[in-house]
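First comes the structure, then the notes that go with it.
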Amino acid sequence: KLSFFFFLDITTFDFSYCNISVLPADVLQNLTFLKVLKLNNNKLTALPVELSSLSNLKEIDLTSNRIEDWPILVRQMQNIVFDWQNIKTS
């Protein structure tokens, strides 16, 4: 298992084109300085609720994913720019 301990102070995390279908909650839990999260062009179908704990997050790119389950956190995250072009829904 990859440890993200050494990346705790990063501000941009790019998971683009990683062919991931699940974003593990434990990846996000300690990234308190994160401002930009790039998840475009993957196979994500849901977002973890833990995303809402990223208080410094300002931008998330979900372009070209397969999001089916939009948690309530999306409505609560008012100061975030969401890019979700080409989202495929079921």
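Side chains included, hydrogens not; waters and symmetry mates left out as well; all remaining heavy atoms used.
Within the 4.5 Å cutoff, the side chain of Leu54 has no heavy atoms near those of the Asn56 side chain.
No continuous path of ILVMFWY side-chain contacts below 4.5 Å connects Val36 to Phe33, so the two sit in separate hydrophobic clusters.
Going from atom CD1 of Ile60 over to atom NZ of Lys38 covers 12.5 Å, rounded to the nearest 0.5 Å. Annotation: the span from Leu34 atom CG to Thr12 atom OG1 amounts to 7.0 Å, rounded to 0.5 Å. One distance of note links OG1 of Thr11 with NZ of Lys35; it measures 6.5 Å at 0.5 Å rounding.
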* Asked: Does the pair Leu47 and Leu62 meet the rule for a side chain to side chain contact (heavy atoms under 4.5 Å, CB included), with working shown?
  -> CA-CA 10 Å; Leu47 299 173; Leu62 298 168; 3.8 Å; yes
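Minimum interatomic distance between Leu51 and Leu57 (heavy atoms only, all atoms of both residues): CD1-CD2, 4.3 Å.
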Validation: residues 13-24 side-chain donor-acceptor distances under 3.5 Å, sequence neighbours left out:
unit_1, atom_1, unit_2, atom_2, d
Asp14, OD1, Ser16, N, 2.8
Asp14, OD1, Ser16, OG, 2.5
Ser16, OG, Asn40, OD1, 2.4
Tyr17, OH, Asn41, ND2, 3.1
Asn19, OD1, Lys43, NZ, 3.2

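Between the Asn42 side chain and the Leu44 main chain, no donor and acceptor come within less than 3.5 Å of each other.
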